[in-house]
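Chain identifiers are assigned alphabetically (A, B, ...) following the order of the sequence lines, protein sequences preceding nucleic acid strands; residue numbering begins at 1 within each chain. What you see below is based on every heavy atom in this structure, not just the backbone, and it leaves out hydrogens, waters and symmetry mates.
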Amino acid sequence: MSNKLMMKFINKPENITSELLDGYVKAYSDKVALASENIVVRAKPKDQSKVAIVTLGGSGHEPALSGFVGEGMLDCSVVGDIFAAPGAQRLFQALQLFKRDAGILLVVLNHSGDVMSANMASQLAEKAGIRVKRILTHDDISAGLETPEDDRRGLAGCIPLYKIIGAAAEEGKSLEEVYETGERFNQQVATLAVAMGSCTHPQSGETISELAKGEMEIGMGQHGEGGGGRQMLESADKTAEIMINQLTQKIQPQAGDKVLLYINGVGSTTLMELSIIFRKAHQVLTQAGVEVVDAKLDELLTVQEMAGFQMILGKLDADHVELLKNRRADTAYWTTI
Amino acid sequence: MSNKLMMKFINKPENITSELLDGYVKAYSDKVALASENIVVRAKPKDQSKVAIVTLGGSGHEPALSGFVGEGMLDCSVVGDIFAAPGAQRLFQALQLFKRDAGILLVVLNHSGDVMSANMASQLAEKAGIRVKRILTHDDISAGLETPEDDRRGLAGCIPLYKIIGAAAEEGKSLEEVYETGERFNQQVATLAVAMGSCTHPQSGETISELAKGEMEIGMGQHGEGGGGRQMLESADKTAEIMINQLTQKIQPQAGDKVLLYINGVGSTTLMELSIIFRKAHQVLTQAGVEVVDAKLDELLTVQEMAGFQMILGKLDADHVELLKNRRADTAYWTTI
Amino acid sequence: MDKITIQQFILMWKCALERAGERADEFSRLDAVTGDGDHGTAIVQALTSALAAAEKGNEYKAMLNDMGINVMMQTSGSTSTLIGGFLLGMSDYAAGTEMDGNQVRQMFKGGLEGVQKQTKAKKGDKTMMDALIPAVEAMLESGSDDICQLFSVAAIAAQQGANGTTGMKANFGRARNYGERSIGYADAGALSWACIFGAFNETLTGLS
Amino acid sequence: MDKITIQQFILMWKCALERAGERADEFSRLDAVTGDGDHGTAIVQALTSALAAAEKGNEYKAMLNDMGINVMMQTSGSTSTLIGGFLLGMSDYAAGTEMDGNQVRQMFKGGLEGVQKQTKAKKGDKTMMDALIPAVEAMLESGSDDICQLFSVAAIAAQQGANGTTGMKANFGRARNYGERSIGYADAGALSWACIFGAFNETLTGLS
Ligand SMILES: Nc1ncnc2c1ncn2[C@@H]1O[C@H](COP(=O)(O)OP(=O)(O)O)[C@@H](O)[C@H]1O
Ligand SMILES: Nc1ncnc2c1ncn2[C@@H]1O[C@H](COP(=O)(O)OP(=O)(O)O)[C@@H](O)[C@H]1O
Ligand SMILES: [Mg+2]
Ligand SMILES: [Mg+2]
Ligand SMILES: [Mg+2]
Ligand SMILES: [Mg+2]
């Protein structure tokens, strides 16, 4: 389309998704493969007797979602174009590939396009006799604590969910059991994002969500769509406090509860900063007697080169701790020994 | 110092290093701990009978270097301030901590400050009867293929080196053997960096290495110090070709040789782009009959929010492949099952 | 114009692709305000894959079905399901190689139903529905059986509907999260549908 | 001035910290051109930790040793080893609680040797050596035993040496990789050493 000068290492904008997937599966050929255009699967498939975990979503968020395909996590990620849900037919094609008596658990992040594709693909799957159950993630709390689930977006809280249900499926649990374990976690995880600065859509060259220098926006969405309120940039400690307080209001962890606390960098914000942010949020939780048993400082789900991060807080039941921490996972961007 | 408005999530600039290390060791408390100010060690120390691997370097490059402390890689990283070598006394303190009959292998990246600290600390260690051998890394080829080793900088090629010597030490190999294995790899690994855009020093607020929009610099150093030549931004494929060709000129891999090819993102360049770059470099190698047996697309050693990457090409002997791929490592940012 | 042949119908889509391509940057720019800045890319992709399937068609029903499936296979984002659903919905009411005015009306009504299977958005929610619903309503309400006339009223209604989105607050899609801040910008999807109906009308005006 | 007491010596370092603090941004900005933009931070840190140790001192030799060790413990970067090495080198030639002109000369010669254990950089390599070497040479060549006179010639030589780095091509440190492109900017470390010698001189001029 546009002929804007983009400060990105790409070739033709329309080939970005196919080229990046090609590079990715070549780099990690012992872990992943392309089953067909835009359908990423494990290099060594899981036994047919076990529940398959399938997800879908746009590209441009690397390593998410395809970076978590592999032993102990996802069986398949169906990839759309940059920031765009894959079409329903493509998803249906993947569901056909994973048709099995044990069933498929489909994880859908709550975004209009993904939900519409999932709805239509599910109708087609039902007609084709494919057994599919769905978890809809809606961890974003930026729309307000009382906002109904359907109106809350799915952010990076899906990543620990993949680990939990992936491990449960790997154990040979039934579709209902895997679903129940995952949905229970899904109900008790919350995410809040903050951004400063903008990013460039690598195909259109459009600048998404321009913020004035010195401004930040708490409640930013995953594609640069705003949501929360803009305010002047605060110190790391102040920002961390604002965010962890909103998250604990939602999750209400009690003294003695076990939680996960992840800081997901969305692009150009450094691990240096994520560590400083984590430090404060961890202090707040610890002072309240809440036990952080699982932590990550990493880029799990990104928004191109945007500056900012997502803070993820999840209450963990005993089985969740076990599945997250003590079950093997071997994917390109998440490994648990 | 400066009161510039910095678009970073930090608190007081002078506390950055201590706060980030505090956050990091709290997040990964099952893997790392602080033995003393700025000295990061394993949570569970390696047996005294085995060679200890110690390294040193400035902060601001997260996850490097401390992100690779843990089982199967580093025993200790001695951390300086942002982009700055730790003082010699601090390093000497760490060497005292790891004094053992089996000896210490000290990995020094070739930068003036690091080398000077290492020299002085080594003099002190010798007087104190501590057995230390040193590997000096100098993988940067931007100064030209014929440039003597001492005039070539150490870039992210140290990371696979840590894995190789870490695994060899874990096996119980002697100091001489670990050194030999590592130095052999050190002689056959080369790195080339490219940058576009600048980054901000998080303490001084200074903009480092400003490039005009639309320009890139091949041969950029690890702290924004330039080095190579500036040129107009090229496509991903063209850039990858220029770089892989220079690297193969240096490393001279032959058809049938096994190599590693890593693309290390230095800041705001996305995994999306790294994958596309990898794809082309991999094609060039494959067409020459060279076998890429180990690959990574990741941020291993960063330069704040700078846009760009380092391409690392290393020829692997059979023992290197084994140590890299088939020996367990369990650190925060590198895990091998 | 009494009847529309399959060749003429394909020309309409060709023109739609051309006009949308000319305005792709505008659509993306608008989508960048409250969304993710890719609607121009998405609509061009969708029309391209629809047309690719159409050009192999020789019978309305199967052709429209293939167009819908191809869009959902080749295209990404909300637009793939919305345009895909529209084409599949049209297919349910289509038949043969020529259609008269009443059949065209029914076919577009079916298209709207196909979209409504995918989204609960109504008029006033600041989505493409604000262009599509008035366009189809205008066709249904028009007394005329002249196909040119049908597309003429549809194009006008779609454009008016799209213009009206500027004053609205978004309730669906990515823009929803902007709430009040979405007011003051037209909806990208509504504008692109108005552009498509405009192109349909332009084609038929040129033919007759 | 015949002799310099330990209290007077500490005042010199206090003044050096103050003057370097005022120019820290300038040093960092200069270091940002061909290095990593932190020399201002580093030199202030080094002088701060040197001073902290000095203030606990009551005997030259031990005090200078503690100053050197503290710099290398608390400070980071090339500057920590270079200033640390300088202080340790001075310590080797220091003694008692008062020193005369000849002893001061020897002590600074020892400081230079301490730095030269750490780096092979010579005059003309565009480093801090371009200020430090001329300063110490001027002290050694000066016929006078007056301590004020010694620091006066040293300050002038250091500043001239630092000014001369602008025309040089860097052969050491981070700037080396810039090659020809480093010409046209003074070396940050040379300027900060000139600033330090300037402050030493300023202190003694004020005292006498
Ligand atoms: N749930 C929905 N119902 C109806 N229309 C929608 C919905 N979600 C999005 N749209 C329409 O799609 C347009 C955006 O399309 P596009 O940018 O291609 O998709 P995406 O939002 O996936 O990036 C919006 O302007 C709106 O008109
Ligand atoms: N090898 C060396 N020999 C002599 N002086 C050096 C050397 N390396 C650096 N310097 C001096 O140190 C200065 C940079 O100091 P600083 O910025 O604090 O350290 P770093 O280079 O570690 O960031 C340079 O301007 C130069 O004068
Ligand atoms: Mg989109
Ligand atoms: Mg430095
Ligand atoms: Mg969009
Ligand atoms: Mg410096």
**Student:** Could you check which of D/Asn70, D/Leu88, D/Thr81, D/Leu82 has the highest count of heavy-atom pairs closer than 4.5 Å to chain B?
**Tutor:**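 Top count of heavy-atom pairs under 4.5 Å with chain B: D/Thr81.
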**Student:** Does any N or O in the side chain of D/Gln118 come within less than 3.5 Å of the main-chain N or O of D/Gln116, such that one atom is a donor and the other an acceptor?
**Tutor:**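 Not at all, since once roles are kept as given, no pair shorter than 3.5 Å links the two residues.
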**Student:** Heavy-atom pairs under 4.5 Å with chain D - which of B/Gly58, B/Ser117, B/Ala143 has more of them than the others?
**Tutor:**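 Most heavy-atom pairs under 4.5 Å with chain D: B/Ser117.
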**Student:** Does any heavy atom of chain D fall under 4.5 Å from the side chain of B/Asn38, the backbone, both, or neither of them?
**Tutor:**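 For B/Asn38, neither part sits under 4.5 Å from chain D.
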**Student:** Can you check ring pair (Phe, Tyr, Trp, His ring centres under 6.0 Å) on D/Tyr93 and D/Tyr60, steps first, answer last?
**Tutor:** CA-CA 9 Å; D/Tyr93 290 81; D/Tyr60 266 110; over 10 Å; no
**Student:** So which part of B/Thr207 gets closer than 4.5 Å to some heavy atom of chain D, the side chain, the backbone, both or neither?
**Tutor:**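 For B/Thr207, the backbone is the part near chain D, not the side chain.
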**Student:** Look at the side chain of B/Thr269 and the backbone N and O of B/Gly265, then say whether any donor-acceptor pair between them is shorter than 3.5 Å.
**Tutor:**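 The answer is no, because no donor-acceptor pair under 3.5 Å joins these two groups.
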**Student:** Just by distance, no angles: are the side chains of D/Thr41 and B/Ser204 close enough, under 3.5 Å, to form a donor-acceptor pair?
**Tutor:**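 Per modelled atom types, D/Thr41 and B/Ser204 side chains form no pair under 3.5 Å.
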**Student:** Heavy-atom distance under 4.5 Å to chain B: side chain of D/Ser76, backbone, both or neither?
**Tutor:**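 Both the backbone and the side chain of D/Ser76 come within 4.5 Å of chain B.
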**Student:** Are any non-hydrogen side-chain atoms of D/Phe108 and D/Leu140 less than 4.5 angstrom apart?
**Tutor:**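 Sidechains of D/Leu140 and D/Phe108: no contact.
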